[in-house]
Amino acid sequence: MEFFDSHAHLNDEKFNEDRENIIKSIKENDITKFVSAGYSLESSRFAIELGKKYDFIYPTCGISPNDIPQTEEELWKELEQIEELLKTEDKIVAVGEIGLDYYWNIENKNLQKLAFIEQIKLANKYNLPIQIHTREAVMDTIQILKENEVMKKGIFHCCPLNRELVKEALKLGFYISFAGPVTFKNSKNANEIIEMVPIEQMLIETDSPYLAPEPVRGTRNIPINVKYIAQKIADVKKVDINVIAKNTYKNATKIFEL
Ligand code: NI
């Protein structure tokens, strides 16, 4: 069986002590490919470095809503640097993670929106899909996507378990990527949301080192745990885990054009 973890941060400092060992163990545990997602300029550069070192790691680059600078002037400078990476590094598979986060930040909504829209433009310019981070910002996220068409579409990473959001995202032709929260015992509507998403429009991810799924919840998350998410989806969809592994793998290679 092969798994594709469509979103992990092996570029995160929480892996500084044992990154090489974790990456080696991934191959031995059926994780054949994974995306190392950028969220800031620095982490994007590091994701690219990992992609150069390992053929089965694919980088994304972008500035997340939680990592945008304080001022518009600084933001433009960083966007220029991101564009430089997109121009020169051909292994980048998506612009991301980008989006809106009103849970952590409500004072800089306009700057978040500007960063999101400008990075959608970059994705279109460089012919790439986007990886979206959205939290407590359903309406604005959907509105921006409706007003700014993303040519290569994209993925709602660690998709919030929100009916309206999932409905609109599917209608717009985006993929829904499920992470640890669908396995949490207190997530009331996980089954309902999993039922809503056709297997053809679904991805799986760990968002390592965050959000470790049951039964390893609370630990530092690693891509190997993507199996637990696949198993949860398989249980809800009443299919073998193989079906989920195979289809999410196929969907990931399609959207990332591998
Ligand atoms: Ni992430």
Side-chain angles (χ1 to χ4, degrees), residues 3-16 19 22-23 26 31 33-51 57-68 78 82 85 92-105 112 115-116 119-120 123 128-138 141 154-162 165-166 169 174-184 187 202-213 216-226 228-230 248 251-252 255-256:
F3 291 93
F4 196 132
D5 182 353
S6 70
H7 187 106
H9 302 285
L10 266 286
N11 42 349
D12 192 279
E13 61 182 12
K14 291 195 178 69
F15 293 109
N16 282 355
R19 182 172 293 107
I22 297 280
I23 291 173
I26 283 168
I31 313 297
K33 288 185 170 65
F34 74 89
V35 162
S36 196
Y39 45 89
S40 61
L41 201 47
E42 202 191 332
S43 65
S44 296
R45 289 194 177 117
F46 195 16
I48 290 165
E49 243 179 75
L50 289 175
I57 299 182
Y58 298 89
T60 72
C61 72
I63 303 165
S64 95
N66 298 320
D67 293 272
I68 55 172
E78 289 199 8
I82 291 287
L85 296 176
I92 297 168
V93 292
V95 174
E97 54 187 278
I98 60 173
L100 303 173
D101 193 324
Y102 300 162
Y103 177 81
W104 289 112
N105 250 314
Q112 288 193 37
F116 189 21
Q119 290 181 100
I120 288 174
L128 289 167
I130 61 173
Q131 243 183 359
I132 303 166
H133 169 110
T134 181
R135 195 166 178 196
E136 308 280 317
V138 172
T141 303
I155 302 130
F156 275 81
H157 121 72
C158 189
C159 191
L161 303 176
N162 175 301
L165 177 72
V166 172
F174 278 72
Y175 285 85
I176 303 296
S177 185
F178 288 119
V182 292
T183 68
F184 294 172
S187 98
M202 181 188 283
L203 298 177
I204 49 174
E205 63 167 78
T206 57
D207 205 11
S208 300
Y210 310 105
L211 296 169
V216 290
R217 190 174 179 183
T219 62
R220 180 185 64 166
N221 203 4
I222 51 175
I224 291 163
N225 296 332
V226 81
Y228 298 122
I229 294 146
T248 51
N251 297 341
I255 182 84
F256 297 127

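Atoms considered below: every heavy atom in the structure, side chains included; atoms not considered: hydrogens, waters and symmetry mates. Order of appearance sets the numbers: ligands from 1, and atoms from 1 within every ligand.
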Practice item. Compare every heavy atom of Pro223 with every heavy atom of Ala8, then report the nearest pair and how far apart it is. Key: CB-CG, 4.2 Å
Point to revise | Ring geometry between Phe4 and Tyr58 (parallel below 30°, tilted from 30 to 60°, perpendicular above 60°) | key: parallel
Check your understanding: Which class fits the ring pair His157 and His133: parallel under 30°, tilted 30 to 60°, perpendicular over 60°?
Key ->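 It falls in the tilted class, 30° to 60°.
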**Study point:** Minimum-distance atom from the Ni ion (ligand 1) among N, O or S atoms of Asp207
**Key:**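 The atom in question is OD1.
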Check your understanding: How open is the angle at the Ni ion (ligand 1) from atom NE2 of His7 over to atom OE2 of Glu97, rounded to 10 degrees?
Key ->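 Approximately 80° at the metal, rounded to tens of degrees.
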Review point. Closer than 2.8 Å to the Ni ion (ligand 1), do we get an N, O or S atom from His9, backbone or side chain?
Key: yes
Point to revise | Heavy-atom donor-acceptor pair, Asn251 side chain to Met202 backbone, under 3.5 Å | key: yes
